[in-house]
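Keep in mind it's a predicted model, so treat the numbers as computed, not measured. In what follows, chains carry the letters A, B, and so on, assigned in the order in which the sequence lines appear, proteins first and then strands, with residues in each chain numbered from 1.
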Amino acid sequence: MDTNPNEVNELIKRRFEELKELNEKGVETYAYSFDVDSYSEDIKQNYKEEEKRNVKIAGRIMAIRRMGKASFAHIMDDKGRIQIYLRKDEIGDQYAAFKLMDIGDIVGVEGYVFKTKTGEISVHVSSLKLLSKSLLPLPIAKEATDEQGNKVIYDQFVDKELRYRQRYVDLIVNPDVKEIFKKRSRIITAMRKYLDEQGYLEVETPILQPLYGGAAARPFITHHNSLDIDLYLRIADELYLKRLIVGGFNGVYEISKDFRNEGMDRSHNPEFTMMELYVPYKDYEWMMNFVELLITKIASEVFGTLEFVYESSQINFKSPWKRISFVEAIEDKTGINVITCSDDEMKGLAKNLGIDLGAAKGRAKLIDEIFSETVEPGLIQPTFVIDYPLLLSPLAKRHRSKEGVVERFETYVAGREICNAFSELNDPVDQRKRFEEQVKLKEAGDEEAHQVDEDFLRAIQYGMPPTAGLGIGIDRLVMLFTNQSSIRDVILFPQMKPEA
RNA sequence: GGGCGCGUAGCUCAGUGGUAGAGCAUCUGCCUUUUAAGCAGAGGGUCGGUGGUUCGAGACCACCCGCGCUCACCA
């Protein structure tokens with residue numbers, strides 16, 4: 001929408017006229033500051049009948065009820081809404097200015113707290129100051145309370161496209177949205193606090209990387225002009241964080257954006273937030289306990305409970321969480337051992353499951369898909385799936401006693417993976433071999449296979465201590481804790497196609 | 001990328017080939033404890049875009065744009 005008053009609709013034109021009229025009356029329309037000393041919800045909670053407490057509040061006008069020489073309005077601040085009451089005989093010129101104000105305008109108000117006849121705690125205004133004139137009409141909803149005392153919202157702003165494109169409007173008119181993002185912030189704060197308390201160091205590693213690695217994904221490519229080289233936006237932090245373990249830090253973590261150049265849907269955004277943690281002298285057994293502690297800590301600290309509802313599932317994070325073997329779980333469902341079976345047996349199984357056997361699908365990919373089809377949907381309560389096939393995990397350490405698998409686990413909740421962890425591969429000879437296998441896959445057409453990172457190999461040849469590593473997808477964790485089914489509802493500005 | 005669905009006033013939505021509608025929002029008048037305030041009146045549209053069919057298209061057809069769901073891919 002344009003802010004040129006000559007080319008816009010009646011509602012907007014009207015507001016430009018009001019702006020002009022206010023200026024002509026000498027009313028400041030874009031103020032410099034306002035001393036706030038109280039917030040809506042606090043005022044309501046601390047209300048005492050006898051004291052006519054004076055307060056200064058500021059916020060956006062969300063509703064106006066004019067009754068001639070007196071008016072009511074609702075003001076919304078960061079904590080909620082509160083009603084204000086204005087009388088012409090008390091505020092004179094300011095009442096005339098108020099007539100030129102609209103829903104959406106931001107005002108500062110001074111007055112005393114009282115309760116109306118109908119029992120609503122309100123502010124009786126002694127002074128009203130316009131802080132910012134709003135020139136575009138908000139898609140404001142009306143709220144009412146029905147006979148059962150439930151809140152009813154009329155004409156709620158629900159257009160997903162507009163909500164995502166104009167998140168600022170979504171945040172103004174849909175209070176639940178604001179709540180989700182406050183929770184997201186608290187979840188990350190609680191996580192960071194716990195990691196810091198354990199003595200792990202928060203670090204920053206390159207987003208622009210000459211080689212990408214640490215995950216199986218297609219990267220975004222960009223170009224550095226003065227070096228005249230292509231660089232990749234990182235798909236994971238892993239290989240840099242492990243270099244820091246070589247460097248001798250006693251545990252490092254990073255909370256940051258990763259970028260993967262793949263399809264978008266309700267669980268994938270091209271940029272997303274990941275927490276990765278590496279702790280020396282530990283293994284995946286230790287890390288499982290750590291994850292359990294970390295998640296339950298966040299749940300109880302932010303939400304005060306270990307019980308959640310996600311979509312139609314009741315989730316309970318109470319320890320201990322179930323542990324199942326990746327290979328045995330598939331065998332239980334299908335009777336086939338994906339490590340020892342022949343390629344033909346596996347293809348037969350995949351076909352029976354309706355898995356597309358197209359193009360360059362290697363054994364590793366098929367195993368992964370068979371798992372997704374047969375086991376994953378049943379993992380509702382928090383479950384560690386342990387000991388993954390070696391083929392699926394080129395950066396994880398071989399299992400100390402089992403053939404063909406690595407010491408790796410993923411944690412599933414509500415049928416979704418929320419984290420991935422392993423005993424890190426610190427044998428440089430084996431690591432080189434694994435990279436070389438990836439190169440073969442890449443040559444066979446697997447676009448997501450790893451590149452050989454010679455500098456990483458050099459680093460671990462100096463010697464990397466045994467290390468446990470962990471990655472948690474923050475967006476998906478937030479989805480789970482806030483019961484959102486689309487990643488776009490936990491990312492403030494999700495990726496969209498450009499507006500027409 | 002494939003399949004299905006959607007796009008009409010600022011918002012939420014009706015409108016199945018014959019004069020573009022409702023509620024809220026907006027504007028005018030009345031109204032000094034209202035609360036989806038009320039009463040009386042008024043204004044507001046490139047029906048996502050471009051072509052086509054038809055005497056006549058918001059509606060039917062084709063293509064395009066955007067969004068949602070879903071499948072494929074992935075975390």
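The side chain of A/E262 sits closest to B/A75 out of B/A75, B/G43, B/C24. When distances are taken from the side chain of A/R65 to each of B/U35, B/G43, B/C73, the shortest belongs to B/U35. Considering only side-chain atoms of A/D159, the nucleotide from B/U12, B/C27, B/C69 that sits closest is B/U12. In the set B/U28, B/A36, B/A75, B/A75 carries the atom at the smallest distance from any side-chain atom of A/I487. Taking the side chain of A/M496 as heavy atoms from C-beta on, and the options B/U34, B/C67, B/C11, the nearest nucleotide is B/C67.
For B/G29, the paired base is B/C39 (Watson-Crick or G-U wobble, both distances below 3.5 Å). In a base pair of the Watson-Crick type (N1 to N3 plus N6-O4 or O6-N4) or a G-U wobble (N1-O2 and O6-N3), with each distance short of 3.5 Å, B/C6 is matched with B/G66. Nucleotide B/A20 has no partner under the Watson-Crick or G-U criteria, as no pair reaches both atom distances under 3.5 Å. Summarising the base pairing, B/G1 is matched to B/C71 through a Watson-Crick or G-U wobble pair whose two defining distances lie under 3.5 Å. Using N1 to N3 plus N6-O4 or O6-N4 for Watson-Crick, or N1-O2 and O6-N3 for G-U wobble, each under 3.5 Å, B/G51 pairs with B/C61.
Below the 3.5 angstrom threshold, one finds a donor paired with an acceptor across the side chain of A/E120 and the base of B/U35. Evaluation of atom-type donor-acceptor distances gives a pair under 3.5 Å for the side chain of A/T116 against the base of B/U34. Contact annotation: side chain of A/R87 to base of B/U32, donor-acceptor pair present below 3.5 Å. One cannot find a donor-acceptor pair under 3.5 Å joining the base of B/G66 and the side-chain atoms of A/E161.
Seen from the ring of A/F493, A/R167 does not count as a face-on cation partner, given the 6.0 Å and 45° thresholds.
In terms of phosphate contacts, A/R266 brings a side-chain nitrogen or oxygen within less than 4.0 Å of OP1 or OP2 of B/U70. Distances shown here put every side-chain N or O of A/R14 at or beyond 4.0 Å from the OP1 or OP2 atom of B/G10. Regarding contacts with the backbone of B/C65, every side-chain N or O of A/K497 stays at 4.0 angstrom or more from both OP1 and OP2. In this structure, A/K115 does not reach the B/U33 phosphate: none of its side-chain N or O atoms is under 4.0 Å from OP1 or OP2. In terms of phosphate contacts, A/N9 brings no side-chain nitrogen or oxygen within less than 4.0 Å of OP1 or OP2 of B/G44.
Within the nucleic acid shown, A/R66 comes within 4.0 Å of at least one base atom, counting heavy atoms only. Residue A/Y85 is classed as a base contact, given a heavy-atom separation below 4.0 Å to a base. A/E448 comes within 4.0 angstrom of sugar-phosphate atoms only, judged by non-hydrogen atoms across all strands, and of no base.
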Quick one, A/Y278 with A/Y253, criterion ring pair (Phe, Tyr, Trp, His ring centres under 6.0 Å). Give me CA distance, side-chain angles, the key distance, then yes/no.
CA-CA 6 Å; A/Y278 294 85; A/Y253 73 95; over 10 Å; no
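No donor-acceptor contact under 3.5 angstrom links the side chains of A/S132 and A/D105, judged on distance only.
The shortest side-chain heavy-atom distance between A/V413 and A/F317 falls under the 4.5 Å cut-off.
Judged by ring centres under 5.5 Å apart and planes tilted less than 30 degrees, A/F272 stacks against the six-membered base ring of B/A75. For B/A37, the base is not stacked against the aromatic ring of A/F72, per a cut-off of 5.5 Å between centres and 30° between planes.
Taking the ring centroids of A/F326 and A/Y388, they lie under the 6.0 Å cut-off.
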